[in-house]
Amino acid sequence: MIKKKIVFVGPPDVGKTTIQKVYFEHLSPVSLLKDPLKPSRGFNSSIYSIFNMDLGVFDLAGQENNIWLSNKGSNIFNESNIIICVF
């Protein structure tokens with residue numbers, strides 16, 4: 001099985017978690033507009049099996065960008081195949 005890693009990073013409240021929920025968990029965007037998600041804390045990781053690969057998706061809390069973008073937390077990006085910056 002092929003293994004890939006995607007990391008979502010960006011400021012708070014821009015929709016990183018919503019993008020993950022819509023594209024990978026097939027939640028309705030309309031329902032997410034009616035009942036918004038709570039802000040992420042730390043990071044949330046999930047594994048999805050898609051097209052004969054395991055895809056690890058890391059959703060980083062925007063409130064903690066000072067950690068992710070410093071030497072202290074930058075290891076979260078190690079071995080990433082794609083880093084998606086959401087603004």
Side-chain angles (χ1 to χ4, degrees):
M1 181 82 57
I2 299 170
K3 296 180 182 182
K4 300 290 182 181
K5 179 179 176 181
I6 294 177
V7 177
F8 285 100
V9 63
D13 299 320
V14 294
K16 299 177 295 294
T17 304
T18 299
I19 290 170
Q20 177 185 348
K21 297 289 184 187
V22 169
Y23 286 98
F24 295 106
E25 298 179 20
H26 309 291
L27 293 183
S28 164
V30 174
S31 69
L32 291 172
L33 284 172
K34 291 178 183 176
D35 189 20
L37 300 168
K38 294 180 181 178
S40 299
R41 299 286 177 227
F43 69 89
N44 297 317
S45 63
S46 301
I47 298 176
Y48 303 96
S49 293
I50 301 172
F51 303 118
N52 198 30
M53 74 175 138
D54 285 338
L55 182 61
V57 177
F58 289 73
D59 173 21
L60 307 184
Q63 298 86 339
E64 299 175 34
N65 279 338
N66 59 329
I67 296 171
W68 312 128
L69 303 175
S70 72
N71 287 337
K72 181 179 177 184
S74 63
N75 61 344
I76 193 89
F77 298 104
N78 290 352
E79 300 181 26
S80 295
N81 299 96
I82 300 174
I83 298 171
I84 299 176
C85 298
V86 182
F87 293 94

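Residues L55 and I19 share a hydrophobic cluster, clusters being chains of Ile/Leu/Val/Met/Phe/Trp/Tyr side chains in contact below 4.5 Å. A chain of hydrophobic side-chain contacts below 4.5 Å, direct or via other Ile, Leu, Val, Met, Phe, Trp or Tyr residues, connects V86 to F24. Residues I82 and W68 fall into different hydrophobic clusters, defined by Ile, Leu, Val, Met, Phe, Trp and Tyr side chains chained together at heavy-atom separations under 4.5 Å. I83 and V57 fall into different hydrophobic clusters, where Ile, Leu, Val, Met, Phe, Trp and Tyr side chains are chained together by heavy-atom contacts under 4.5 Å. No continuous path of ILVMFWY side-chain contacts below 4.5 Å connects V7 to Y23, so the two sit in separate hydrophobic clusters.
For N44 (side chain) and L60 (main-chain N/O), no donor-acceptor pair under 3.5 Å exists by modelled atom type. In this structure a side-chain-to-backbone donor-acceptor pair under 3.5 Å is present from S70 to K72.
Among all heavy-atom pairs drawn from A61 and S40, the shortest one is CB-O, 3.3 Å.
Of the inter-residue distances, the one linking D35 atom CG with S28 atom OG reads 11.5 Å to the nearest 0.5 angstrom. Note that CD of E79 is 10.5 Å distant from NZ of K3, once rounded to the nearest 0.5 Å. The NZ atom of K16 lies 6.5 Å from the CG atom of D59; values are rounded to the nearest 0.5 Å. In this structure, the separation between CD on Q63 and CZ on R41 is 5.0 Å, given to the nearest 0.5 Å. Rounded to the nearest 0.5 Å, atoms CZ (F8) and SG (C85) are 11.0 Å apart. Note: S45 OG to K5 NZ = 9.5 Å, rounded to the nearest 0.5 Å.
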I84 and V9: CA distance, side-chain angles, deciding distance, side chain to side chain contact (heavy atoms under 4.5 Å, CB included) verdict: CA-CA 6 Å; I84 299 176; V9 63; over 6 Å; no
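Side chains of L32 and L27 form a contact here, defined as non-hydrogen atoms less than 4.5 Å apart. I6 is not listed as a side-chain neighbour of N81, based on a closest heavy-atom distance of 4.5 Å or more.
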Distance-only donor-acceptor hits, side chain of residues 47-54, under 3.5 Å, sequence neighbours excluded:
unit_1 : atom_1 : unit_2 : atom_2 : d
Y48    : OH     : Q20    : NE2    : 2.8
Y48    : OH     : E25    : OE2    : 2.6
S49    : OG     : D54    : OD1    : 3.1

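Within a 6.0 Å radius of CG in N66, other residues, nucleotides and ligands contribute more than 12 heavy atoms.
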